[in-house]
There are 2 protein chains.
Amino acid sequence: MSKQPEDCAPLARDPLSAAQAGELAALFKALADPVRLRLLSLIASQAGGEVCVCHLTDAFELSGPTISHHLKVLREAGLITGERRGTWVYYRVRAEVLGRLSAVLVPAEVPA
Amino acid sequence: MSKQPEDCAPLARDPLSAAQAGELAALFKALADPVRLRLLSLIASQAGGEVCVCHLTDAFELSGPTISHHLKVLREAGLITGERRGTWVYYRVRAEVLGRLSAVLVPAEVPA
DNA sequence: CGGTTGCTTCGACATACATCTATCTTGACA
DNA sequence: TGTCAAGATAGATGTATGTCGAAGCAACCG
């Protein structure tokens, strides 16, 4: 997991630097898969904020290793965190990161 | 360019359906490249809202065909539109699509 | 009409990625 | 300690993707 970028200025305000674009692209790449989006949504929309992996594997017709792979991609991108408690592993979303991405995509305000 | 999805509910509100996830993933895939993010940012941040392709090719150390390819990806994703006027082609961003993506990523409000 | 310039399309190639099966690690429990 | 279950890792494989050079189209200009 790379360090968290600080940029919050919307895409539409100023042209992105190459470094900013690289960091953002890594985050969007993690989101660029239907399974990962559904995983993220399942975790984010859960009351209590966390979900056991066993609940996630049940929600897809995919092998365990494939789910594990997608969770790793989300984790290494910094979008989620995982914690082992006893036998099970629980994941939760990093709301700050999600919020930063949302802010970056806000379109330019149209001047009246 | 596929049809525009109507979904606006944040990822963190309800779990995404497979169809929603597929449409969103296609959009995020278009954003999952540093060059395309910089292109989009260059177009979106331009006063007047549109940019000539010649100005975009000058901003990168990449071949013309490569820039053209990335613009096509953004165009087919529905994130930008291109219009030819005389010799030059001008691109502008579709702010609605950008705004919809931003809304989807808004994190869940934390109950007090 | 021929030439030049702006941009796109085509074909090729190297790399990255999603998925699987098989194997490993970690913890619980007898 | 041995065994079982939950996840993660490793390796293999087919497909997708970023990049380029060459060629094609479209519009302007002698």
Side-chain angles (χ1 to χ4, degrees), chain A residues 1-2 16 18 21-43 46 50-92, chain B residues 1-2 16 18 21-40 42-43 46 50-77 79-92:
Chain A
M1 163 170 45
S2 57
L16 291 170
E23 290 172 351
L24 285 174
L27 284 166
F28 285 125
K29 200 178 303 183
L31 296 178
D33 181 278
V35 175
R36 286 197 291 270
L37 279 177
R38 292 179 67 192
L39 284 170
L40 192 68
S41 180
L42 274 172
I43 301 170
Q46 194 73 7
E50 65 181 13
V51 180
C52 172
V53 173
C54 58
H55 180 263
L56 297 173
T57 51
D58 290 349
F60 295 86
E61 310 242 337
L62 290 171
S63 69
T66 297
I67 298 296
S68 198
H69 160 71
H70 286 304
L71 289 172
K72 182 179 186 179
V73 172
L74 289 171
R75 187 169 8 105
E76 292 186 336
L79 285 161
I80 61 176
T81 60
E83 180 196 1
R84 169 162 221 141
R85 286 207 297 279
T87 305
W88 294 281
V89 176
Y90 296 88
Y91 279 97
R92 51 177 61 235
Chain B
M1 162 170 46
S2 57
L16 290 171
E23 290 171 350
L24 284 175
L27 283 165
F28 285 125
K29 200 178 302 185
L31 295 178
D33 181 278
V35 175
R36 286 198 290 271
L37 279 177
R38 292 178 67 191
L39 284 170
L40 191 67
L42 274 172
I43 301 171
Q46 194 73 9
E50 65 181 15
V51 180
C52 172
V53 173
C54 59
H55 180 262
L56 297 174
T57 50
D58 290 349
F60 295 86
E61 310 240 339
L62 290 172
S63 69
T66 297
I67 298 296
S68 198
H69 161 70
H70 286 304
L71 289 171
K72 183 180 187 178
V73 172
L74 289 170
R75 186 167 11 104
E76 292 185 337
L79 285 161
I80 60 175
T81 60
E83 181 195 1
R84 170 161 222 140
R85 286 206 300 277
T87 305
W88 294 281
V89 175
Y90 297 87
Y91 278 97
R92 53 178 57 236

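Rounding to whole angstrom units, CZ of residue B/R75 and C1' of C/dT8 are separated by 8 Å. When the P atom of D/dG7 is taken as reference, atom CG of A/D58 falls 9 Å away, rounded to whole Å. Atoms CZ (B/R38) and C1' (D/dG18) sit 16 Å apart, rounded to a whole Å. We find that CG of B/L71 is positioned 11 Å from C1' of C/dT8, with the value rounded to whole Å. Rounded to whole angstrom, the span from the OH atom of A/Y90 across to the C1' atom of D/dG7 amounts to 13 Å. The CZ-C1' distance, from A/F60 to C/dA18, rounds to 14 Å in whole Å. B/E76 places its CD atom 14 Å from the C1' atom of D/dT17, with the value rounded to the nearest Å. We find that NZ of B/K29 is positioned 8 Å from P of C/dA18, with the value rounded to whole Å.
Evaluation of the side-chain hydrogen bond (donor to acceptor under 3.5 Å, both in side chains) rule for B/H69 yields no partner, not counting sequence neighbours. Partners of A/R36 according to the side-chain hydrogen bond (donor to acceptor under 3.5 Å, both in side chains) rule, which considers only residues two or more places apart in sequence or in another chain, are A/H70. In this structure, the side-chain hydrogen bond (donor to acceptor under 3.5 Å, both in side chains) partners of A/R92, at least two apart in sequence or on a different chain, are A/E50. Remark: B/T57 pairs with B/V53, B/I67 by the side-chain contact (heavy atoms from CB on, under 4.5 Å) rule, at least two apart or across chains.
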Detail all sub-3.5 Å separations between protein N/O atoms and N/O atoms belonging to nucleotides 19-22 of chain D.
unit_1, atom_1, unit_2, atom_2, d
D/dT19, OP2, B/H70, NE2, 2.3
D/dC20, OP2, B/S63, N, 3.0
D/dC20, OP2, B/S63, OG, 2.9
D/dC20, OP2, B/T66, OG1, 2.5

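In this structure, B/Y91 and B/V51 have side chains that are not in contact, with every pair of non-hydrogen atoms separated by 4.5 Å or more. Contact of the B/L24 side chain with the A/L31 side chain is not registered, since no non-hydrogen atoms from C-beta on lie closer than 4.5 Å.
Residue A/V89 places its side chain closer to D/dA8 than to any other of D/dA8, C/dG6, C/dT9. When each of C/dT8, D/dC28, C/dT26 is scored by its nearest atom to the side-chain atoms of A/R84, the top-ranked nucleotide is C/dT26. The side chain of A/C54 lies closest to D/dG7 when the candidates are D/dA6, C/dC7, D/dG7.
In this structure, B/S68 reaches the bases: a heavy-atom distance under 4.0 Å links it to at least one base atom across the strands shown. Using a 4.0 Å heavy-atom cutoff across all strands shown, B/Y91 reaches sugar-phosphate atoms only and no base atom.
The side chain to side chain donor-acceptor pair (under 3.5 Å) contacts involving residues 58-67 of chain A comprise A/S63-A/T66, where partners must be two or more places apart or lie in separate chains.
Within the structure, a side-chain polar atom (N or O) of B/R36 is placed less than 4.0 Å from OP1 or OP2 of D/dG18.
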